[in-house]
2 protein chains.
Amino acid sequence: MSGDTTTDLRSDFIERMGLIAQGEGMPRSAGRMLALLIWDGEPIAFADLAATLQISRGNVSTSARLLEERGLVRRVSRPAERQDFFQIAPNAFLSMLNGTRVRIENAMGEIEKVLETLPAREQGPRTRLTEYAEFYRAIADGLQTAVDRLQSPGR
Amino acid sequence: MSGDTTTDLRSDFIERMGLIAQGEGMPRSAGRMLALLIWDGEPIAFADLAATLQISRGNVSTSARLLEERGLVRRVSRPAERQDFFQIAPNAFLSMLNGTRVRIENAMGEIEKVLETLPAREQGPRTRLTEYAEFYRAIADGLQTAVDRLQSPGR
DNA sequence: CAGAGCATTCAGAATGGAATGAACGGTACC
DNA sequence: GGTACCGTTCATTCCATTCTGAATGCTCTG
């Protein structure tokens, strides 16, 4: 039986995603939790999350809230159970993508805010800041393309 | 004279970019340095960077190296000067974009690496990981679109 | 109503990454 | 050849964020 191998693969995936998430400015625990929920598609109990990931329940609570806010995870309940269960959201990846796009657009907004108050005679800075804003615009549009692509065949 | 106002705008921009950079997983100093170089398009002396940004020379050295590696900044020399000078790179924003794309593709690679060793019978995980990889693929392609767009009118 | 089972919150500990500043090596001047 | 000027490196300090765990309050159950 190769059950062990699969389990190893899972924890490997979990750890990788922890690091990826960290690189994206998300707490490592949240990334690991997300990974676990992606792997097992089924709802996982609050207590099991803490046990499997070996993190405190407080941490589970916080990370779950973060993932819920971003639309990556759903909190579900079960008939005879008092515990909360968590499951990967149906359109999790789409939400992720949208989240990134929003972040980019915020950054772009920052630049444009500066541009608005920058006197016209400051040609040099204006030129370069404009170019910078266009850079963000290009990314935002590119991500929008990605959103469209993921959305059309999805449903 | 509104010189003061412009100066304020500049340091405002510098600080904003410091925070943005930090959000993107880059050291704050590097972001602030990049901002300064974008604003003043001209080469700035090593010592002036330290003075203007109020950071140590060691920090200037490290941040400059980071920005150079990413192709965002050029180190230039001047005839009678012993100091190094730094200038925003000609195609800085394009490099930035490419850098992001590479990072995304690396993350995608991680996922695919797991997928390769995941036995076919693990249908559920396979489906979801595949979806996840497609998500990254969509982003990478979107960014590629952005690269193309920025490149064509550029030169 | 009492008690158990849960999730949340928050103060404090722990961790990781960035900034500092002194020490170092190299290079141009006199 | 000596000196002054520069940039780099690295051990240390500093700071921000994350994680923990105990305290809290809520909601079911019997």
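Order of the sequence lines sets the chain letters (A, B, ...), proteins ahead of strands, with each chain counted from 1.
- With sequence neighbours left out, the ring pair (Phe, Tyr, Trp, His ring centres under 6.0 Å) criterion links B:Phe13 to B:Trp39.
- What separates CD1 of A:Ile55 from P of C:dA14 is a distance of 19 Å, to the nearest Å.
- For the pair B:Arg75 and B:Phe86, the cation does not sit on the ring face, since its NZ or CZ is not both under 6.0 Å from the ring centre and inside 45° of the axis.
- Both A:Gly58 and A:Ala80 lie close to DNA chain D; mapped to their nearest nucleotides by heavy-atom distance, the more 5′-ward contact belongs to A:Gly58.
- In this entry the distance linking CG of A:Leu66 with P of C:dT9 reads 13 Å, nearest Å.
- Along DNA chain C, the nucleotide closest to A:Ser61 and the one closest to A:Gln22 are compared, and the more 5′ of them pairs with A:Ser61.
- The nucleotide range of DNA chain D contacted by chain B, defined by atoms under 4.0 angstrom from heavy atoms of the protein and reported 5' to 3', is D:dA4 to D:dT9.
- Rounded to whole Å, atom P of C:dC6 lies 11 Å from atom CG of A:Asp48.
- Nearest-nucleotide positions on DNA chain C for A:Asn59 and B:Pro27 put A:Asn59 closer to the 5' end.
- Under the side-chain hydrogen bond (donor to acceptor under 3.5 Å, both in side chains) criterion, B:Arg10 pairs with B:Asp40, sequence neighbours left out.
- Looking at A:Arg65, its side chain has no donor and acceptor atom pair within 3.5 Å of the base of C:dT8.
- For B:Glu69, the CD atom counts as densely surrounded, since its 6.0 Å shell holds more than 12 non-hydrogen atoms of other residues, nucleotides or ligands.
- Between B:Phe135 and B:Tyr132, the two ring planes are parallel [angle under 30°; tilted spans 30° to 60°].
- Residues B:Leu129 and B:Arg126 are not in side-chain contact: their nearest non-hydrogen atoms beyond the backbone lie 4.5 Å or more apart.
- Rounded to an integer number of Å, the gap from CE of B:Met26 to P of C:dA18 is 11 Å.
- In this structure, B:Lys113 pairs ionically with B:Glu110, as a charged nitrogen and a carboxylate oxygen lie closer than 4.0 Å.
- Distance, A:Arg28 CZ to C:dG16 P: 7 Å, rounded to whole Å.
- Listed nucleotides C:dA7, C:dG5, C:dT20 differ in distance to A:Arg82; the shortest reach to its side chain belongs to C:dG5.
- B:Gln83 places its CD atom 14 Å from the C1' atom of C:dT27, with the value rounded to the nearest Å.
- Atom P of nucleotide C:dC6 and atom CD of A:Glu81 are separated by 8 Å, given to the nearest angstrom.
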